[in-house]
Every structure is written in structure tokens, then in C-alpha cells.
Amino acid sequence: MIHIKDHTQKNLFDPWAFLGPKRRQLLDQSWAGLFQKELLGELPVEKLIPFFTHGFGRPTKELYTALGALLLQQAHDLTDEETVNQAAFNTQWHYALNITEESDSAKYLCPKTLWNMRSIVVDNGLDTMLFDHITDKLATLFKVNADHQRIDSVHIKSNMRRLGRIGIVASTIRKFLVNLKRGHQELFDTIDESIIDKYLSKQSLQCFSMVKPSESATTLASVSSDLFHLVEQFKDHPDITGMHSYKLCERVLKEQCTVKDDGTQVTVKRPKEIPSDSLQNPSDPDATYSGHKGQGYQVQVMESYGKEKETRDKNLNLITYVHVEPAHESDAHALIPAIESSKKQGLAPGELLADTLYGGDENGQKAKKLGVELISPTKSTKEKDGITLSDFDLNKQGKVVSCPQGHMPITTKKKKTRHTVSFDSRCCSACPVQEACPVQQGKKHHYLRYTEKERRLAQRRAYERTDAFKDRYRWRSGIEAAMSEYNRKTGVKHLRVRGFKAVRFCATLKAVAVNIFRATAVRRALNGDTAAPGRVLSAFIYAIFVVKERLLKIWDQSVKDFHSLPSSLWASAHNGRVREV
């Protein structure tokens with residue numbers, strides 16, 4: 001049965017009054033207060049409904065609580081056991097998730113429930129939808145100005161061991177043998193005993209990790225030969241070839257080795273021949289290799305930023321785009337999808353800062369068509385000591401006005417995408433830098449020829465030398481601080497999971513957490529000393545409580561004074577009353 005609590009329904013009595021005004025104030029000012037009041041209702045729990053049934057079976061855990069716990073787990077980088085404890089005993093979590101009951105059914109989440117809920121979210125890509133919902137809400141709530149944005153990537157690692165080539169082959173063989181023994185004992189018994197002793201003994205993997213450098217080539221050839229014979233032995237068994245571990249063996253054999261045409265012998269490839277998207281560890285087949293950063297994955301992150309120093313603390317720098325991809329992917333391919341995604345959300349930038357890898361001419365042209373100005377350095381030219389087209393004086397239309405020596409061209413022609421500029425040969429022949437100049441001698445004149453792409457790059461290089469470019473581009477360095485915050489607060493660089501989907505889930509929810517933490521700080525700066533929403537009633541109740549306590553204290557003191565009167569006074573008072581009667 002589906003259990004969803006309506007968090008918009010008001011409570012007759014304040015369930016958090018027991019906290020007292022000071023602790024309540026701390027909660028309201030923290031991320032928990034922002035989450036409960038503004039973000040809890042944005043969780044896409046309606047997408048979880050198809051995976052459960054109405055009116056049959058035991059009730060599910062409250063879906064807002066379960067989905068919110070997954071988000072808070074990634075925000076605080078917790079294990080499942082730690083998450084269960086926080087959900088059971090942490091008042092801040094209870095306040096954020098609006099858990100007002102004291103029963104186990106409300107506050108206890110077993111690890112199996114977390115695992116099942118996480119599997120649903122991961123397998124169906126609901127993490128991306130959650131990011132979009134929370135981002136849209138924060139952008140609206142804090143009136144985020146997305147005109148100025150910047151983009152960069154960060155390398156992350158899944159929970160896998162770093163292996164060399166020998167370790168990759170040996171671990172893949174071991175994985176296959178273990179699965180084969182588990183599911184097809186009769187075929188496992190046909191394997192040579194030496195192979196089984198070599199890869200399934202207790203010290204097998206440790207032995208391969210302690211190979212001497214002088215013996216590494218021989219050992220790699222040996223394990224590659226074993227892999228080849230295993231693949232050949234079972235290639236005609238349909239039940240075996242359909243196994244995931246056997247497919248990994250085929251993949252490793254193809255990536256690490258070269259099989260001769262007759263199919264009888266295998267040779268090991270040179271390191272330079274190994275593709276960057278090759279298998280890095282059989283426990284995580286989706287991880288790839290980056291020559292710059294190593295094994296794992298990378299996350300593309302784009303965020304907004306503000307330039308006004310006076311209001312910088314009160315403007316929310318919002319992560320508007322997060323995308324996980326294999327480590328071998330080039331940053332050049334990430335720019336346009338990031339712009340298109342942010343445009344769908346209504347958070348497209350007008351100006352986007354990026355480093356050199358993003359700033360190719362093709363990306364610049366595509367971004368311009370999407371209404372985005374890309375501010376990025378161009379790649380350095382090969383002619384480091386020579387004169388390039390950017391050294392010529394070009395006008396706004398891209399026509400050459402003069403050469404570096406100040407000589408004006410005779411004619412300027414354009415045919416389709418190619419420009420031809422002619423200079424007086426007498427000036428060029430006498431030029432002291434003619435050996436370094438790209439102007440070439442022709443029949444009648446000296447000519448400078450360049451394409452539209454070269455013209456655009458030349459204008460960009462000339463602009464990069466100006467103070468205006470340096471003043472605009474200096475804001476790009478702020479993305480490095482964002483990446484540091486991303487890792488420090490959420491531990492994104494070293495994850496506890498493996499596989500692309502699981503890595504995407506963690507990295508995306510951790511980006512949501514960064515947005516929430518940032519929004520909390522901005523909210524606190526905007527509120528200042530002003531009472532937070534929901535605190536006025538608590539202050540009124542507190543005032544009544546103080547007055548009541550003082551009145552009770554006066555009453556108690558009066559009673560004590562009355563009882564402390566002398567006994568003679570009591571007697572005279574009693575006699576007086578009798579005489580009166």
C-alpha cells in the first residue's frame with residue numbers, strides 16, 4: 001500500500017513546541033528549516049507510485065521521508081547504517097522531513113528499505129528529475145540571475161581498486177571462473193587444473209600484484225594467453241557466452257591483445273594501443289581512463305555567479321547543470337548539451353565562462369546560435385615565435401586594416417569562406433620580419449590568405465590580450481572553489497558505489513545538496529536579525545510562559561509568607577473572629 005503524507009496540511013498544535021524558542025530558531029535558520037518549508041514538497045514522489053500498489057500489502061514507508069532520506073544521505077556522505085541512525089534519532093532530520101510522530105513506523109528506515117528505494121531511483125533516472133525540481137524551486141525562490149555562468153569538470157572515483165594491466169586480466173579471469181563454477185559446475189570441471197590453481201587460490205590476486213618489474217612483460221603475456229584459451233574453450237556454448245563475466249573476458253581480450261588471423265596465437269598490445277575507454281576493473285565495467293586524471297568518471301558542473309561585491313553574499317550561486325560521463329570523454333563535447341539543458345529549464349546563460357578545451361571555434365559558433373556568448377581562451381598556435389593572423393590589425397568585420405609593421409593592404413577579397421589580402425611587394429621585400437610573417441610572395445603582390453575560422457580565432461586571440469577580456473575572464477576561477485566545496489561538503493570525489501547509474505545518482509544528489517547548503521547561507525544573510533517565518537507564534541507563547549512563571553512565583557512567595565506568621569498572631573486572629581461572631 002502507498003503511504004504519502006500531505007505536508008501542506010496544518011497542525012492544530014505545534015508539534016515542535018517542545019524544542020523551546022532558541023533551538024527552534026536554530027532549526028529554522030539551518031538547512032532543515034529551508035528543506036521542510038520550501039523543498040520537501042518538491043520531491044517527485046508521484047514518480048514512485050507506479051512501483052507500488054494501492055490497497056494491497058503492507059504500507060510503504062512514507063514516500064517523502066524515504067526519498068528525502070536518500071537525498072540527506074548523499075548530502076552528508078553517510079553509509080546506510082549511519083543514515084538509519086540519523087533518521088531514527090536526529091531531530092534536525094525529523095524537522096527537515098516533517099516527521100511529527102514518535103512511532104517506529106515514522107522514524108525507522110531499515111537498510112533494506114533504503115536499498116529498494118535507491119534501486120528504484122537509480123534504475124529510472126529519478127535523480128535527474130529531483131535535481132531539476134529542486135533547482136527550479138531555488139531559482140524561483142531566490143530570484144536567481146542566470147545571465148552569468150561558468151562551467152568546468154571534476155574527476156571522481158567509484159569504489160573500485162586501481163589495477164594495472166596484469167591485474168585487469170587476472171581479475172577478469174577470476175571473476176569468470178567464480179561465476180562459471182557457481183552456475184555451470186560440469187563445464188567448470190573441464191578447465192585445466194593449473195588454470196584453476198593459478199586464479200582461484202587464496203593468494204592468487206596478491207601474487208599478481210607483487211610481480212617484479214623485470215617479469216611484468218612475461219607475466220602479462222602468460223595471463224593474456226590464459227584469457228585467450230578460456231574464451232576459445234567456451235565460445236561455442238550459448239549458455240556461457242551470454243554470461244556477463246564471459247563478455248568481460250571477450251572485451252579485455254579485444255582491448256589488451258591482438259589475435260592473429262588464424263586464431264591460434266595472441267600477442268599483447270603496446271600501452272599506446274590501448275583505448276582510453278578500455279576496462280579498468282571488472283567490478284566497475286563503466287569506469288574509463290583519462291590520461292590527465294586517471295581512472296574513474298567525470299562530472300560536468302555549470303553554475304551561476306554574481307559580480308556585484310556589495311550583494312554577493314545575498315545572491316545565490318546556483319548549480320544549474322550537472323552531468324556524469326566516463327572519464328575519457330572530452331570537455332569539448334559537454335558545452336552544447338549543458339547550454340541546451342539549462343535553456344529547457346529557463347536558466348540559460350547569456351555569458352558563459354569556460355577553459356580552453358570548451359572554447360573551440362565550433363562550440364563558439366553553436367553557442368552563439370543558442371544566444372550564448374562563450375568567453376574562453378583559444379588554443380595556442382604552433383608558430384610560437386612567428387607572426388600570426390592575430391598580430392594583424394583587423395576591423396570588426398574581420399578585414400585586415402594593416403600588417404604588424406603598419407603597412408596597409410592594396411586589395412582585400414573574399415570568396416565564400418576564404419579571404420585573400422594583397423600587399424605591396426616592395427614593402428614586403430624590405431620588411432625586417434618577412435621570414436616570420438605568414439604573407440607569401442605571389443606573381444604580382446605578396447598575399448595573405450586565411451579562412452573564416454582562422455579570422456574568428458585571430459580576432460579572439462587579439463581580444464584575449466586586452467584588459468576587457470582579462471576583467472571578464474577572471475571570474476572563471478570561481479568554479480574551482482565550487483568544485484572544492486562540492487567535494488568538501490559531500491565527498492563526491494570518492495564514492496561508495498560502482499557503476500555508471502549509481503555514480504550518476506550520487507553525484508547528482510550531492511550537487512542538489514550543495515545548492516541547498518548555499519541557499520541556506522543566502523537565506524540567513526537575507527533574513528539577518530529578522531525573525532524567521534513561523535517564529536512569531538513561538539515568541540508569543542514564550543512571552544505567556546514567562547508571565548505565567550512570574551505570577552506563580554509571586555503566589556508561591558505569598559503562601560510562604562502567610563504560613564510563616566507567628567502562632568500568637570494566628571490565635572489572636574482566631575479569637576477576634578470568634579468575638580465578632
Side-chain angles (χ1 to χ4, degrees), residues 26-27 30-36 39-40 42-45 48 60-99 102 104-123 126-131 133-134 154 156-160 283-284 296-297 299 301 319 322 324 482-521:
L26 289 176
L27 280 177
S30 70
W31 60 265
L34 174 66
F35 191 87
Q36 184 206 95
L39 305 179
L40 183 60
E42 299 298 321
L43 300 181
V45 296
L48 299 174
T60 65
K61 287 295 178 181
E62 203 277 309
L63 294 187
Y64 280 103
T65 299
L67 191 55
L70 292 180
L71 174 56
L72 298 184
Q73 177 184 21
Q74 298 304 322
H76 297 93
D77 193 25
L78 304 177
T79 64
D80 283 354
E81 182 179 357
E82 292 169 337
T83 303
V84 170
N85 289 332
Q86 293 296 319
F89 304 113
N90 193 326
T91 303
Q92 199 172 27
W93 279 46
H94 301 161
Y95 192 76
L97 300 174
N98 197 26
I99 304 175
E102 288 297 331
D104 285 350
S105 62
K107 291 186 176 180
Y108 176 72
L109 290 168
C110 72
K112 180 65 173 176
T113 299
L114 282 176
W115 190 89
N116 289 336
M117 190 63 65
R118 184 166 51 240
S119 296
I120 293 174
V121 175
V122 169
D123 293 339
L126 300 184
D127 49 308
T128 304
M129 185 177 299
L130 190 150
F131 174 84
H133 286 200
I134 299 295
V154 58
I156 62 177
K157 297 179 180 179
S158 61
N159 188 22
M160 71 174 191
S283 64
D284 191 353
Y297 301 83
V299 185
V301 178
I319 295 178
V322 59
V324 180
M483 296 304 185
S484 176
E485 179 187 17
Y486 191 19
N487 180 50
R488 283 185 291 104
K489 291 187 175 180
T490 67
V492 71
K493 287 191 176 180
H494 296 86
L495 301 177
R496 293 187 174 90
V497 297
R498 304 186 190 114
F500 179 81
K501 290 183 178 181
V503 169
R504 183 201 63 208
F505 165 82
C506 293
T508 303
L509 293 194
K510 289 178 185 295
V512 175
V514 173
N515 279 341
I516 294 174
F517 294 146
R518 287 181 174 182
T520 303

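Computation of the quantities below employed the complete heavy-atom set of this structure, encompassing side-chain atoms and omitting hydrogens, waters and symmetry-equivalent molecules. Quantities reported herein were computed from a predicted structural model and do not represent experimental measurements.
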*What is the distance from atom CG of Leu78 to atom CG of Asn85, rounded to the nearest 0.5 Å?*
9.5 Å
*asked:* Is the shortest side-chain heavy-atom distance between Val299 and Tyr486 below 4.5 Å?
replied: yes
Quiz: residues 502-509 side-chain donor-acceptor pairs under 3.5 angstrom, not counting sequence neighbours:
residue, atom, partner, partner atom, Å
Arg504, NE, Asp127, OD2, 3.1
Arg504, NH2, Val122, O, 3.0
Arg504, NH2, Asp127, OD1, 3.3
Thr508, OG1, Arg504, O, 2.7

*asked:* Run the side chain to side chain contact (heavy atoms under 4.5 Å, CB included) test on Leu48 and Met117 for me, step by step, so that the C-alpha distance in whole Å, both residues' side-chain angles and the decisive distance to 0.1 Å come before the verdict.
replied: CA-CA 9 Å; Leu48 299 174; Met117 190 63 65; 3.7 Å; yes
*For residues Arg498 and Ser283, report the shortest heavy-atom separation together with the two atoms involved.*
CD-O, 3.4 Å
*asked:* To the closest 0.5 Å, what do you measure between CD (Gln36) and CG (Leu97)?
replied: 9.0 Å
_Could you report the tightest heavy-atom contact between Ser30 and Gln92, atom names first, then the distance?_
OG-NE2, 3.5 Å
*For Glu81, salt bridge (charged side-chain N to carboxylate O under 4.0 Å, His left out) partners two or more places apart*: none
*Where do Ala513 and Thr490 come nearest, in terms of heavy atoms and distance?*
CB-CG2, 4.2 Å
*Would you confirm whether His494, through its side chain, and Ser158, through its main-chain N or O, come within 3.5 Å as a donor-acceptor pair?*
no
*Where do Ala482 and Arg518 come nearest, in terms of heavy atoms and distance?*
CB-NH2, 3.3 Å
*Got a second to check how far Gln86's CD is from Leu109's CG, nearest 0.5 Å?*
12.0 Å
*Compare all side-chain heavy atoms of Trp93 with those of Thr83 and state whether any distance is below 4.5 angstrom.*
yes
*Measure from the side-chain N and O atoms of Asp80 to the backbone N and O of Pro111, and report whether any donor-acceptor pair falls under 3.5 Å.*
no
*Sequence neighbours excluded, which residues qualify as salt bridge (charged side-chain N to carboxylate O under 4.0 Å, His left out) partners of Glu82?*
none
*Heavy atoms only: give me the nearest Leu114-Ala69 pair and the separation to one decimal.*
CD2-CB, 4.5 Å
*asked:* Applying salt bridge (charged side-chain N to carboxylate O under 4.0 Å, His left out), can you list everything that pairs with Lys489, at least two apart in sequence or on another chain?
replied: Glu485
*State whether the side chain of Lys61 and the backbone N or O of Ser105 hold a donor-acceptor pair below 3.5 Å, judged by distance alone.*
yes
*What distance do Ile134 atom CD1 and Leu43 atom CG have between them, rounded to the nearest 0.5 Å?*
5.5 Å
*Rounded to the nearest 0.5 Å, how far does OH of Tyr297 lie from CG of Asp284?*
3.5 Å
*Taking only residues at least two apart or on different chains, which pairs with a member in residues 105-114 satisfy salt bridge (charged side-chain N to carboxylate O under 4.0 Å, His left out)?*
Glu102-Lys107
_CD1 on Ile120 to CG on Leu126, rounded to 0.5 Å_ = 8.5 Å
*asked:* A side-chain contact here means heavy atoms from C-beta on lying under 4.5 Å apart; do Val514 and Val492 qualify?
replied: no
_For Asp77, give me all partners under salt bridge (charged side-chain N to carboxylate O under 4.0 Å, His left out), at least two apart in sequence or on another chain._
Arg496, Lys510
*Ring geometry between Phe517 and Trp31 (parallel below 30°, tilted from 30 to 60°, perpendicular above 60°)*: perpendicular
*Given side chain to side chain contact (heavy atoms under 4.5 Å, CB included), test Leu71 with Val512 step by step and report yes or no.*
CA-CA 8 Å; Leu71 174 56; Val512 175; 3.9 Å; yes
*Between Ala106 and Thr65, which heavy-atom pair has the shortest distance, and what is it?*
O-CG2, 4.3 Å
